*Asks:* 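Starting off with a structure, shown below.
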There are 2 protein chains.
Amino acid sequence: MRSPLRDDIRRQLLDGLITGRWAPGERIVERRVAADLGVSQAPVREALRELESLRLIESSPNKGARVRPVTRADLREVYQVRAGLEETAARLGAPAVEALEAHTASLEAAAATGSLSGQVSAGIAFHREIVAASGNALLLSVWDGLGLEVWTHLSIRVFRAELHENAADHQPLVDAFRTGDPQAPGLLRDHILSYAP
Amino acid sequence: MRSPLRDDIRRQLLDGLITGRWAPGERIVERRVAADLGVSQAPVREALRELESLRLIESSPNKGARVRPVTRADLREVYQVRAGLEETAARLGAPAVEALEAHTASLEAAAATGSLSGQVSAGIAFHREIVAASGNALLLSVWDGLGLEVWTHLSIRVFRAELHENAADHQPLVDAFRTGDPQAPGLLRDHILSYAP
DNA sequence: AAACACCGGATGATCGATCATTGGGTGTTA
DNA sequence: TAACACCCAATGATCGATCATCCGGTGTTT
């Protein structure tokens, strides 16, 4: 059972965007990509649509797609929306503290080995746990749709952003959830906004 | 300059879903739709992807798409997420009161002529104005991505939901924005949640 | 009869080819 | 020369056909 080709293509394109192989503003020609990857135009189109929903590319009818230049303003928007979503999530339901602690543990482990992407994905997993615990599947899918992992990598590469995922930052949140602190949602929001550029 | 075929197809499918021509759980066969509409399979696939992102259909690899049964729980989730998004929007920036009043006016006009879809879309436009005024384009696009107009029509048809869009409900919100009331975001959230089933 | 292996049609996924639009280049006119 | 009309290559949009997978039916084994 092979996974759909379009998923591979999407990953390839994502990788190119994250690493900067595709320059901002550059045109993405469907047939060119297809030829490079040895596939046909159709799955490339579908992959591009998914990237468009992540706002990594922009396209208009009959004119094709191009790499969207990433600005600080974009990042600010992402953090604002993310903060609102997670605050909402925290109001709807509290996560299991054990799960959060597991994520902070793997965050520390990744930091210890100096794994950048390990830290990023552990940090993301911590927050995803909170959103999932809301019990609202739509909220989770909207949150997933933000593509936070990609944006985080982009912000690090493009803006030399500090890697701000560290276990200490998350401890107050864990404590707030443990004690059922009614201010947890607000804390979470501020925590996220403090990361915004 | 014709608009893309896929847009027409999406509209046709949407209409079928809203009116119930497609029954919940029913399989949506790409070639069948294509043949019915006199087009080929490709644009139908693309249209289906868009419907999937609206969570109106569900699909899995190699197994195709089927109409997603709409439950009250789905609607609750939509309202919760929507409330969170609009609260966030209201915190980020206040809309122009004149614009809001224009929307309530057209809401009243639609109510006067008994136009159901007119009332729905005026009600949606009122809220969209608020989200747009946040200045956060991502927030607006996420909000748009909820497909509220479709969900509203569905809730009315499937659950015989009351049409709760009326100008009087919106007046306190307009007043709060006019006076710069810091509680406006919270009012807005409660306003939306009060509509949830 | 239950469990299993094996067709074969239906259909999603992908392909290669064609249609249609865009944008740039070239010539023409005022 | 500026404005305009036209032509054509590049390429997005769409098509018809093929490949690959799923699923139900059928026969076989134990």
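Within every chain, numbering begins at 1; the chains are lettered A, B, ... in the order of the sequence lines, protein sequences first and strands thereafter. What you see is a predicted model, and the numbers here were worked out from it, not measured in a lab.
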*Asks:* Of P61(B) and S60(A), whose nearest nucleotide on DNA chain D comes first from the 5' end?
*Replies:*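 Between the two, 5'-proximity favours S60(A).
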*Asks:* With rounding to the nearest 0.5 Å, note down the distance linking CD in E108(B) to CD in E101(B).
*Replies:*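 So the gap between those two atoms works out to 10.5 Å.
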*Asks:* Ignoring backbone atoms, establish whether R32(A) has a side-chain N or O less than 4.0 Å from OP1 or OP2 of dT11(D).
*Replies:*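 For R32(A), the contact criterion (side-chain N or O under 4.0 Å from OP1 or OP2 of dT11(D)) is not met.
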*Asks:* Checking F126(A) against T104(A) for the side-chain contact (heavy atoms from CB on, under 4.5 Å) test, could you report, in this order, the C-alpha distance in whole Å, the side-chain angles of both residues, the deciding distance, and whether it holds?
*Replies:* CA-CA 7 Å; F126(A) 178 95; T104(A) 56; 3.7 Å; yes
*Asks:* When the nearest nucleotide of DNA chain C is assigned to R49(B) and to K63(A) on a heavy-atom basis, which residue is associated with the more 5' position?
*Replies:*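 By nearest-heavy-atom nucleotide position, the 5'-most residue is R49(B).
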*Asks:* May I ask you to check whether over 12 heavy atoms, not counting those of R157(A), lie within 6.0 Å of atom CZ?
*Replies:*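 Enclosed.
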*Asks:* Can you figure out which of dT11(C), dT14(C), dC15(D) approaches the side chain of P43(A) most closely?
*Replies:*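 Looking only at heavy atoms from C-beta outward on P43(A), the closest nucleotide is dT14(C).
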*Asks:* Specify the separation, in whole Å, of atom CG of N62(B) and atom P of dT11(C).
*Replies:*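 Taking atom P of dT11(C) as the reference, CG of N62(B) is at 14 Å.
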*Asks:* Within this structure, what is the CZ-to-C1' distance between R45(A) and dC15(C), rounded to whole angstrom?
*Replies:*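 Taking CZ of R45(A) and C1' of dC15(C), I get 14 Å after rounding.
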*Asks:* Output the distance between atom CG (L56(B)) and atom CG (L154(B)), rounded to the nearest 0.5 Å.
*Replies:*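 The distance works out to 6.5 Å.
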*Asks:* Verify ring pair (Phe, Tyr, Trp, His ring centres under 6.0 Å) between H103(A) and H127(A), making sure each step is shown before the conclusion.
*Replies:* CA-CA 9 Å; H103(A) 291 304; H127(A) 287 272; over 10 Å; no
*Asks:* Residues in ring pair (Phe, Tyr, Trp, His ring centres under 6.0 Å) with H153(B), at least two apart?
*Replies:*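 Result, ring pair (Phe, Tyr, Trp, His ring centres under 6.0 Å) vs H153(B): none returned.
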*Asks:* Categorize L48(B) for me: base, sugar-phosphate, or nothing, with a 4.0 angstrom heavy-atom threshold over every strand shown.
*Replies:*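 No contact.
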*Asks:* Tell me the interatomic distance from D8(A), atom CG, to dA13(C), atom C1', rounded to whole angstroms.
*Replies:*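 One finds 13 Å between C1' of dA13(C) and CG of D8(A), rounded.
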*Asks:* From the set dG16(D), dA17(D), dT11(D), return the single nucleotide nearest to any side-chain atom of Q41(B).
*Replies:*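 Looking only at side-chain atoms, Q41(B) lies closest to dA17(D).
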*Asks:* For the pair made of CD in E30(A) and C1' in dA10(D), what is the distance, rounded to whole Å?
*Replies:*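 Checked: the CD to C1' distance equals 12 Å.
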*Asks:* Could you state the CZ-P distance from R10(A) to dA13(C), rounded to the nearest angstrom?
*Replies:*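 Roughly 14 Å, once rounded to whole Å.
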*Asks:* Tell me: CG of D7(B) to P of dG12(D), nearest whole Å?
*Replies:*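 Result: 17 Å.
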*Asks:* Nearest of dC15(C), dG12(C), dA13(D) to any side-chain atom of A42(A)?
*Replies:*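 My answer, after comparing the listed nucleotides, is dC15(C).
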*Asks:* Could you state the atom-to-atom distance from CD of E46(A) to C1' of dG12(D) in whole Å?
*Replies:*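 Result: 15 Å.
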*Asks:* Do R31(B) and dG12(C) share a donor-acceptor pair, side chain to base, under 3.5 Å?
*Replies:*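 Counting by modelled atom types and ignoring angles, a donor-acceptor contact under 3.5 Å is found here.
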*Asks:* How many whole angstroms separate atom CZ of R66(A) from atom P of dG12(D)?
*Replies:*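 Going from R66(A) (CZ) to dG12(D) (P), I get 10 Å.
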*Asks:* Under the criterion salt bridge (charged side-chain N to carboxylate O under 4.0 Å, His left out), I'd like the reasoning laid out for R45(A) against E50(A): C-alpha separation, chi angles, the key distance, then a yes or no.
*Replies:* CA-CA 9 Å; R45(A) 276 175 71 83; E50(A) 300 184 19; over 6 Å; no
*Asks:* Over its full length, what angle do the end axes of the helix from dA1(C)-dT30(D) to dA30(C)-dT1(D) make, each axis taken from five pairs and the result rounded to 10 degrees?
*Replies:*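 Nearest ten degrees gives 10° for this helix.
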*Asks:* Between dG12(C), dA13(D), dC15(C), which one does the side chain of L5(A) approach most closely?
*Replies:*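 Nearest to the side chain of L5(A) among the choices is dC15(C).
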